[in-house]
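Working notes, beginning with the structure itself.
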Amino acid sequence: MDTEIKQEYLKQMGIDIWVRRNVEPDNLLEQKTISLEEPLPHSVSKSDEIVLQPESYVETTSEPAIENSSLYSDYDLDRLRNEVEQCQKCQLCQTRNNSVFGYGSDVARLMIIGEAPGADEDREGLPFVGRAGKLLDNMLLAIKLNREIIYIANILKCRPPNNRDPQVAEVEACTPYLERQIELIQPDVILVLGRVAAHYLLQTDAPLSRLRGTQTVYGKRSTPVVITYHPAYLLRSPDQKRKSWEDLKMVKRILSKK
Ligand code: URA
């Protein structure tokens with residue numbers, strides 16, 4: 001990737017880059033920018049020209065989260081999408097312009113799960129196309145996660161009015177679709193964005209600050225789950241971007257081991 005663009009992505013993410021004064025920044029970026037293939041930098045060598053602040057990443061496992069897609073167990077993705085387009089299982093069907101089924105490769109290695117469509121997504125029928133989506137794109141590009149190996153979906157397929165939090169009945173009605181998507185795609189890693197998705201997938205109401213930085217598994221296949229902040233939250237709290245960066249590196253590390 002072009003160095004300037006890469007630098008811009010890192011800037012967008014709020015990742016500070018320290019550069020030794022006597023070294024050309026361009027070369028440094030190519031050499032060491034973010035060595036994503038390497039283990040997480042628990043200690044930082046003095047010879048590193050570009051240094052990410054280290055942060056420990058606690059690996060824990062917990063009971064597999066729920067898995068309950070029997071409702072749609074004989075559906076493929078096309079049929080499931082069709083079902084979602086016709087869905088009237090909750091009140092959100094009355095206010096949606098478009099349902100937002102999900103987007104990406106049917107054989108994605110990484111599945112990203114957000115909360116619910118916003119106004120832009122409702123208009124376009126695609127997930128993460130608004131401001132938060134742009135930040136997500138930049139984060140994925142910065143970590144060199146190729147879009148072709150990614151599938152993005154949400155807990156809810158329809159937009160809650162005024163972007164309010166999803167209601168319990170809406171989550172209950174909608175998540176069998178998501179569960180079937182996960183079952184069909186069989187990702188190697190699930191990246192969970194934000195509190196709502198984390199609470200559903202892990203069946204907990206622990207604060208996100210406690211959940212992120214830990215690693216857990218989902219479902220019968222024990223798919224590793226990495227939890228991170230929602231990009232919309234990062235737009236409001238850019239000082240948390242560094243932690244997200246650590247989470248994305250964890251994703252990359254899991255993928256490289258599989
Ligand atoms: N926020 C989400 O959680 N999902 C989207 O698709 C867009 C914004």
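Whatever order the structure lists them in is the order used to number ligands and atoms, beginning at 1.
Using a 4.0 Å cut-off to heavy atoms of His230, the atoms of ligand 1 that qualify are 1 (N), 2 (C), 3 (O). If you number the atoms of ligand 1 from 1 as listed, the ones under 4.0 Å from a heavy atom of Pro127 come out as 6 (O). In summary, the atoms of ligand 1 found under 4.0 Å from a heavy atom of Gly114, numbered by their order in the structure, are 3 (O). When each atom of ligand 1 is checked for a heavy atom of Glu115 under 4.0 Å away, the hits are 2 (C), 3 (O).
For the pair Leu136 and Leu193, the minimum side-chain heavy-atom distance is below 4.5 Å.
Remark: side-chain polar atoms of Arg212 are not paired, donor with acceptor, to backbone N or O of Asp247 under 3.5 angstrom. No donor-acceptor pair closer than 3.5 Å links the side chain of Lys157 to the backbone N or O of Val84. For Arg180 (side chain) and Ser73 (main-chain N/O), a donor-acceptor pair under 3.5 Å exists by modelled atom type.
Ring planes of His230 and Phe128: tilted class, angle from 30 to 60°.
At under 3.5 Å, not a single nitrogen or oxygen of Ala132, backbone or side chain, sits near a nitrogen or oxygen of ligand 1. Checked by distance only, ligand 1 and Glu121 stay at 3.5 Å or farther apart across all their nitrogen or oxygen atoms. Ligand 1 has a nitrogen or oxygen under 3.5 angstrom from a nitrogen or oxygen of Ala116.
The residue from Val100, Asn154, Leu193 that puts a heavy atom closest to atom 6 (O) of ligand 1 is Asn154.
Tracing side-chain contacts under 4.5 Å through hydrophobic residues (I, L, V, M, F, W, Y), one reaches Leu135 starting from Leu140; they form part of the same cluster.
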